[in-house]
Structure formats: C-alpha cells, structure tokens
Protein chains: 2
Amino acid sequence: MPVGRRPGAYLCGTDAAMDIIDGKWKVSILWVPGERGTCRFGELRRRLPGVTEKVLAAQLRELEADGVVHREEYDEVPPRVEYTLTRSGLQLNEALEPLGSWGRRHVLGGAPAPR
Amino acid sequence: MPVGRRPGAYLCGTDAAMDIIDGKWKVSILWVPGERGTCRFGELRRRLPGVTEKVLAAQLRELEADGVVHREEYDEVPPRVEYTLTRSGLQLNEALEPLGSWGRRHVLGGAPAPR
DNA sequence: CCGCATCCCCCTGGATACTG
DNA sequence: CAGTATCCAGGGGGATGCGG
C-alpha cells in the first residue's frame with residue numbers, strides 16, 4: 001500500500017491523514033523517537049509496553065510505505081536498524097501536537113506528560 | 001464507555017485523543033456539521049456515503065458518551081434529532097485542523113477541499 | 001424520521017516459535 | 001539484534017429487517 005489505503009474515498013484531509021495513522025501503535029511509534037527523530041527496533045519495542053515484534057514490524061513497514069518513516073539497515077554484526085522520521089513524518093508529528101494537547105486536557109484531565 | 005476506553009493505558013495525549021476518534025466515521029461526523037456545529041441524523045447519513053444507520057447511530061452514541069457531541073431530541077411528529085458539537089467537540093475539531101492540512105498536502109497532494 | 005436487533009464476515013492484532 | 005512464520009480470537013462494521 002503506497003500513500004493511503006482508501007484511494008479516492010476521503011471526505012476531507014483529516015480522514016486521509018487518519019488512514020495513515022490508523023493502527024494501534026502508530027502514533028506512539030511516531031512519538032517515541034521525539035526530537036531526536038530516530039530510534040532502533042529494540043528501543044521501540046521496549047518503549048511500547050505490550051507490542052509484539054510481529055505487529056511492531058508490520059506497522060513500521062506500513063509507515064515506511066506511507067513515507068513517514070525511513071528504514072536504514074546497517075550491515076553489521078549484530079544487526080542494527082535505525083528508524084528515522086522523514087521530513088513528512090516530522091511534519092505529521094507537529095500536526096499531531098494540538099491533538100495531543102486536547103487529549104491531555106479532555107481525556108487525561110491535565111495530567112503532566114510530554115506533548 | 002465514558003471518556004476514553006483504555007483507562008491508564010495511554011503513552012501520550014495523542015493516543016488518548018486517538019481513542020476517542022477511533023471509529024471509521026468519527027472524524028467525518030465531527031467534520032460534516034462544520035462551522036454551524038449542528039446537524040440532523042438524516043443529514044449526516046446523506047453526507048456520509050456508505051455509512052449504515054446502525055453504525056452511524058453507534059458512533060454518535062460513543063461520541064456522545066465521550067462528551068464531544070450533544071444529542072437533542074425534539075418531541076415532534078415526524079421525529080427530529082439534532083446533533084451538536086459540544087464546546088469540547090468544537091475544540092477537538094480545531095485541534096484536528098493541522099492534521100487535516102497535513103493530510104491534504106501529503107496524501108491528497110494539495111487538492112482543494114475544506115480544512 | 002430515527003433508530004434498534006440480528007446475523008455474519010473480515011481484518012487487526014495478539015501468542016508463540018523459529019531464523020539470519 | 002531484528003526480524004519471519006503460523007495460528008487464532010475478538011470485535012468493528014456491513015447487510016438486512018422491524019419498531020415507535
């Protein structure tokens with residue numbers, strides 16, 4: 001699936017974006033790397049309590065196909081793979097900030113937390 | 001389900017908000033009323049191509065339980081029900097605007113459309 | 001006009017085990 | 001370390017039909 005999985009079925013830009021974010025762990029995957037914008041597979045796995053390797057790998061591949069995450073494989077032993085937010089991914093992250101503020105205020109009740 | 005269906009399981013405000021928005025038609029339901037902020041059931045149904053009455057009613061009830069939509073029933077014949085965005089819902093709508101812009105630029109390719 | 005009740009299908013995502 | 005390979009359960013949501 002290239003960018004978007006429901007071609008021509010969007011009513012507005014918002015649900016087009018939602019289509020890319022759709023997946024239990026995707027916003028967290030975007031969020032974890034934070035300012036640094038890059039993260040290894042194992043680090044992601046540790047910082048997403050409950051995710052399985054299969055699902056994490058699948059969601060990462062979809063985000064990669066959608067052009068928001070870049071996958072860089074280093075030919076080393078032991079293996080190392082870096083996942084980096086693309087320019088588009090960083091901008092998506094920024095676009096999610098207001099939603100995060102809303103969530104903190106209306107769902108979490110103003111609790112302290114990043115974003 | 002009151003506000004949020006995954007109590008205490010949120011990594012950040014964003015996925016807390018995502019939990020409320022989670023549902024195939026929810027962002028569209030928020031989007032359709034637009035500035036006016038209010039809409040009838042049948043109007044929603046007509047403007048959401050493909051939605052069934054059962055699913056539309058279900059998602060509306062969840063949005064109501066989450067406090068972003070207010071349901072006003074008028075005792076008339078024929079029946080009339082108005083769905084209005086609450087203050088919280090309007091703010092959620094505003095928080096979704098940047099995401100909509102991003103979706104237009106990165107998914108729809110800068111096509112003209114509201115939000 | 002505005003729904004609710006039922007039935008059912010598919011797809012996401014979880015559990016577990018194995019490989020380069 | 002960074003993944004695949006299977007198997008499987010749960011639930012969202014679509015189709016259809018009835019009720020106030």
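Labels below follow one simple rule: chain letters A, B, ... track the order of the sequence lines, proteins then strands, and each chain is numbered from 1. The model shown is predicted, which means the values in this text are computed figures rather than measured ones. Note that these values count all heavy atoms, side chains included, but never hydrogens, waters or copies made by symmetry.
- No engagement by B:Tyr74 is indicated, since no non-hydrogen atom pair under 4.0 Å with the nucleic acid exists.
- Rounded to whole Å, atom P of D:dC1 lies 17 Å from atom CG of A:Leu60.
- Residues passing the salt bridge (charged side-chain N to carboxylate O under 4.0 Å, His left out) test with A:Arg46, sequence neighbours excluded: none.
- The side chain of A:Ala57 approaches D:dT4 more closely than any other nucleotide in the set D:dT4, D:dA2, C:dC2.
- Across the protein-nucleic acid pair, B:Glu72 atom CD and C:dG3 atom P stand 12 Å apart, rounded to whole Å.
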* For every nucleotide of nucleotides 13-20 of chain D, 5' to 3': is a protein heavy atom under 4.0 Å from its base (B), only from its sugar-phosphate (S), or from neither (-)? -> BBB----B
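- Residues satisfying the ring-ring contact (aromatic ring centres under 6.0 Å, His included) criterion with A:Trp25, sequence neighbours excluded, are absent altogether.
- Checking D:dG3, D:dC1, C:dC2 against every side-chain atom of A:Val81, the shortest atom distance belongs to D:dG3.
- Residues passing the salt bridge (charged side-chain N to carboxylate O under 4.0 Å, His left out) test with B:Lys24, sequence neighbours excluded: none.
- In terms of phosphate contacts, A:Arg80 brings no side-chain nitrogen or oxygen within less than 4.0 Å of OP1 or OP2 of D:dG3.
- Here B:Tyr83 reaches the OP1 or OP2 of C:dG3: one of its side-chain N or O atoms lies under 4.0 Å away.
- Qualifying salt bridge (charged side-chain N to carboxylate O under 4.0 Å, His left out) partners for B:Arg40, counting only residues two or more places apart in sequence or in other chains: none.
- Taking side-chain N and O atoms only, B:Arg45 has no distance below 4.0 Å to OP1 or OP2 of C:dG3.
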Which donor-acceptor pairs under 3.5 Å do the side chains of residues 68-80 of chain A make with protein atoms, sequence neighbours left out?
residue: A:His70; atom: NE2; partner: A:Glu72; partner atom: OE1; Å: 2.7
residue: A:Arg71; atom: NH1; partner: A:Tyr83; partner atom: OH; Å: 3.4
residue: A:Arg71; atom: NH2; partner: A:Glu73; partner atom: OE1; Å: 2.7
residue: A:Glu76; atom: OE1; partner: A:Arg80; partner atom: NE; Å: 3.4
residue: A:Glu76; atom: OE2; partner: A:Arg80; partner atom: NH2; Å: 3.2
residue: A:Arg80; atom: NH1; partner: A:Glu82; partner atom: OE2; Å: 3.3

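- For the pair B:Arg46 and C:dC1, the criterion of a side-chain N or O lying under 4.0 Å from OP1 or OP2 is not met.
- Residue A:Arg40 has no polar side-chain atom (N or O) positioned under 4.0 Å from OP1 or OP2 of D:dC1.
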